[in-house]
Amino acid sequence: MDRAEVDTTIRSLIEPFNKKEVAITDSTTFANDLEFDSLTVMDFVAEIEDAFDIIISMNQQAEIENYGQLVDAVTKLQAD
């Protein structure tokens, strides 16, 4: 799967979590722009892991602050 396909899939997964209907760009942050709390982050990560059949470690999650970083991380995990 290339980055564009990963992006499209994650955009569909983020819809139910994007309560404020924020426009998603690579620089959209989960904490500030989307106002995700820790429980929402855990639920969202679980959805991504299931959809892509990957594991995003807690260390990786801590380093991902915005949407673009998430897409890049998932793309890389898919390739490994």
Side-chain angles (χ1 to χ4, degrees):
M1 220 181 236
D2 66 15
R3 190 181 192 281
E5 292 171 311
V6 169
D7 178 53
T8 301
T9 303
I10 294 176
R11 282 182 188 276
S12 69
L13 294 172
I14 205 169
E15 290 254 337
F17 295 95
N18 188 1
K19 305 283 187 221
K20 298 175 85 182
E21 298 183 7
V22 173
I24 305 294
T25 67
D26 275 0
S27 62
T28 301
T29 62
F30 298 104
N32 296 328
D33 297 327
L34 295 170
E35 298 180 5
F36 281 12
D37 60 21
S38 56
L39 183 59
T40 304
V41 169
M42 296 301 285
D43 289 344
F44 181 51
V45 168
E47 290 282 332
I48 291 171
E49 290 176 334
D50 289 347
F52 291 97
D53 195 26
I54 58 172
I55 303 277
I56 303 173
S57 72
M58 293 301 275
N59 288 343
Q60 285 173 302
Q61 288 179 40
E63 293 174 3
I64 297 170
E65 295 177 2
N66 64 43
Y67 182 81
Q69 291 171 328
L70 174 66
V71 174
D72 291 340
V74 171
T75 303
K76 184 177 184 311
L77 286 167
Q78 280 275 277
D80 291 347

Separation between [atom1] of [X] and [atom2] of [Y], rounded to the nearest 0.5 Å:
{"X": "Glu15", "Y": "Ile24", "atom1": "CD", "atom2": "CD1", "result": "8.5 Å"}
{"X": "Thr75", "Y": "Glu5", "atom1": "OG1", "atom2": "CD", "result": "9.5 Å"}
{"X": "Leu70", "Y": "Thr28", "atom1": "CG", "atom2": "OG1", "result": "11.5 Å"}
{"X": "Phe30", "Y": "Ile14", "atom1": "CZ", "atom2": "CD1", "result": "5.0 Å"}

With a cut-off of 3.5 Å and sequence neighbours excluded, list every side-chain donor-acceptor pair involving residues 40-56.
residue: Thr40; atom: OG1; partner: Asp37; partner atom: OD1; Å: 2.7
residue: Glu49; atom: OE2; partner: Ile56; partner atom: N; Å: 2.8

Original post:
Hey, what else clusters with Leu39 if you join Ile, Leu, Val, Met, Phe, Trp, Tyr whenever side-chain heavy atoms sit under 4.5 Å?
Top reply: none
Original post:
If you measure only the distance, is there a donor-acceptor pair under 3.5 Å linking the side chains of Thr9 and Ser12?
Top reply: no
Original post:
Can you tell which of Asp7, Thr29, Asp33 makes a side chain to side chain donor-acceptor pair (under 3.5 Å) with Tyr67?
Top reply: Asp7
**OP:** Enumerate the residue pairs fulfilling salt bridge (Lys or Arg N to Asp or Glu O under 4.0 Å) with a member in residues 61-80, sequence neighbours excluded, ordered by first and then second residue.
**Re:** Arg3-Asp72, Lys76-Asp80
Original post:
Is a side-chain donor or acceptor of Gln69 paired with a backbone partner of Asn66 at a separation under 3.5 angstrom?
Top reply: yes
